[in-house]
Protein chains: 2
Amino acid sequence: MSSDRAFKDAIYEQIARVGRAVDHPRRLELLDLLCQGPMTVEQLARKSAMSVSSTSQHLQHLREARLVRVEHRGTFRIYDLTDDASCELFRTLRGLAQRYYAEMSAITEAFLRDREALEALDTAALQQRLAQESLTLLDVRPSEEYAMGHWPGAVSLPVEELSGRLAELPKDHTIVAYCRGPYCVLSLHAVDMLRKNGFRAIRLADGVSDWKAQGIPVAAGEVVS
Amino acid sequence: MSSDRAFKDAIYEQIARVGRAVDHPRRLELLDLLCQGPMTVEQLARKSAMSVSSTSQHLQHLREARLVRVEHRGTFRIYDLTDDASCELFRTLRGLAQRYYAEMSAITEAFLRDREALEALDTAALQQRLAQESLTLLDVRPSEEYAMGHWPGAVSLPVEELSGRLAELPKDHTIVAYCRGPYCVLSLHAVDMLRKNGFRAIRLADGVSDWKAQGIPVAAGEVVS
DNA sequence: CCATTAATCAACGGAATTGTTGAATATACT
DNA sequence: AGTATATTCAACAATTCCGTTGATTAATGG
């Protein structure tokens, strides 16, 4: 049957639509960012250090594959994940890269070693320590990302504002800083600055989407100052 | 910090290695086939109707991404999945395509409607019927795939041999035929032929890797005739 | 209705990917 | 050694994909 072949081709072609959407590093970065919450093209472009035009084009690839969708609001277009499955896809791919490629840990370890910041907590370790001692949880992402979802009880303090607001933080117990996930550098810089100013601080490796995947509830809402 | 950017680029580049491996329909077909068990290049080429050379090159892409590995045996090279995570990746992508693309079901339904074969059991429905009535489970894949893993109690009868061995099958109860998964056409042709010859027959949509993912035990071993 | 802002579109050269063809390699058999 | 088989490699043109640039569309506000 010659149409068997046509059927198979059509099916695998559809599956490849998903693959093609995630075959480019920049698109994966955009997907990672969108796991934090909906954003405009300009926000995504700024956070990923790409041109707006290029960002727009990559977003259209992601849209073709239905991993993201757009909502028009005034002259803005707000991009968002179609649903949690898109974020899960990103986590699956990231997990495979961690599992299969020695390069992943080599790159990370070289980067962290240069900054003398190898240690980090994971979610389980955090929960354990939370039960034993008093910790301050610091969300160092931009405040709009905090508003879209954050660890219950965490305080928002974007890393750019950190140097000017050190006085707000406690010196008497450990500060745990987190950002977008294991490969996001914001918490790294936060911990660095905190330690240089005499605070006890440590990084949390996981981010919001990782907690969600582990069934940990996530709080949403405006920044409380 | 300019090296932050270099770090991010390196990380997303690694994740994109996975995506690039699965951005081509033919590579997805090869991955699907390898979910049935290890095979040589020539076997994969024949089953996917590709040239040996092209198959070899695609396999090297999959190998670069560590989704598959090779074992040399004589002049043969036996390709195999690195581990179950590779098969899970394929199932994840297939699941997303089913979930997001109306085209997937449109293609399938048009194809099945032409063959008057819309009905199929899933794993749960099969188990339910197995508890109530006597069924014959027929594995219509090539016998080497049966040997690598099959439903416990299933009988191997490759679809090419079916027409010559109809006498071996029972007329008094329903025959359930399965093959590689929901988009494999072997069981479709088997059911078609069985019905034309007066048997009661129905297709099972899921394949070996789907049962494994659901925690259903899979039997392995030679063909019993 | 004009100016502004946000985003997309169109087009360009340059780079990477694809399938085909035929040659090269590597192992096994005689 | 010499032949046969299984697979990979090399080179080719054809196609697709990439980022940049600058123009275009669309909604808002004066």
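In what follows, every heavy atom counts, from backbone to side chain, and hydrogens, waters and symmetry copies are set aside. By convention in this document, chain letters (A, B, ...) are assigned in the order of the sequence lines, proteins followed by strands, and residues within each chain are numbered from 1.
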Less than 4.0 angstrom between a side-chain N/O of B/Q60 and OP1 or OP2 of D/dC9, yes or no?
yes
Would you indicate, yes or no, if D/dC17 has its OP1 or OP2 atom less than 4.0 angstrom from a side-chain nitrogen or oxygen of B/R20?
no
With respect to the side chain of B/V52, which nucleotide from C/dT8, D/dT8, D/dG19 is positioned closest?
D/dT8
Looking at every non-hydrogen atom in both residues, tell me the closest pair between A/R203 and A/V191 and how far apart they are.
N-CG2, 3.7 Å
Nucleotide of D/dG19, C/dG19, D/dT7 approaching B/S54 most closely (side-chain heavy atoms):
C/dG19
To the nearest angstrom, how far is A/M50 atom CE from C/dA7 atom P?
14 Å
Only pairs at least two apart or in different chains count here, so list each side-chain hydrogen bond (donor to acceptor under 3.5 Å, both in side chains) that has a residue in residues 101-112 of chain A.
A/E103-B/R17
Between C1' of D/dT16 and CD of A/E13, the distance in whole Å
13 Å
B/T92 and B/E88: side chain donor to acceptor below 3.5 Å
no
Which heavy-atom pair separates B/Y178 from B/D206 by the least distance, and what is that distance?
CB-O, 4.2 Å
Less than 4.0 Å between a side-chain N and a carboxylate O, is that true for A/R94 and A/D32?
no
At under 4.0 Å between heavy atoms, which parts of nucleotides 25-30 of chain D does protein reach? Answer with one letter per nucleotide, 5' to 3': B base, S sugar-phosphate only, - none.
--BS--
Length of the line joining A/D23:CG and D/dT16:P, which is rounded to integer Å:
15 Å
Which nucleotide in the set C/dA7, C/dT8, D/dT7 lies at the smallest distance from any side-chain heavy atom of A/F76?
C/dA7
Length of the line joining A/R17:CZ and D/dC17:P, which is rounded to integer Å:
13 Å
Which heavy atom of B/Y100 sits nearest a heavy atom of A/A85, and at what distance?
OH-CB, 3.6 Å
Minimum heavy-atom separation for A/P142 to A/L186, with atom names?
CD-CD1, 4.3 Å
OP1, OP2 of C/dT18 versus side-chain N and O of B/R27: anything below 4.0 Å?
yes
With no angle test and no hydrogens, is the base of C/dT21 tied to the side chain of B/S53 by a donor-acceptor pair under 3.5 Å?
yes
Has B/H61 got a side-chain N or O lying under 4.0 Å from the OP1 or OP2 atom of C/dT18?
yes
Side chain of A/Y79, heavy atoms from C-beta onward: which of C/dG19, C/dT8, D/dG19 has the nearest atom to it?
C/dT8
A/H58 side chain N/O closer than 4.0 Å to the phosphate oxygens (OP1, OP2) of D/dC18?
no
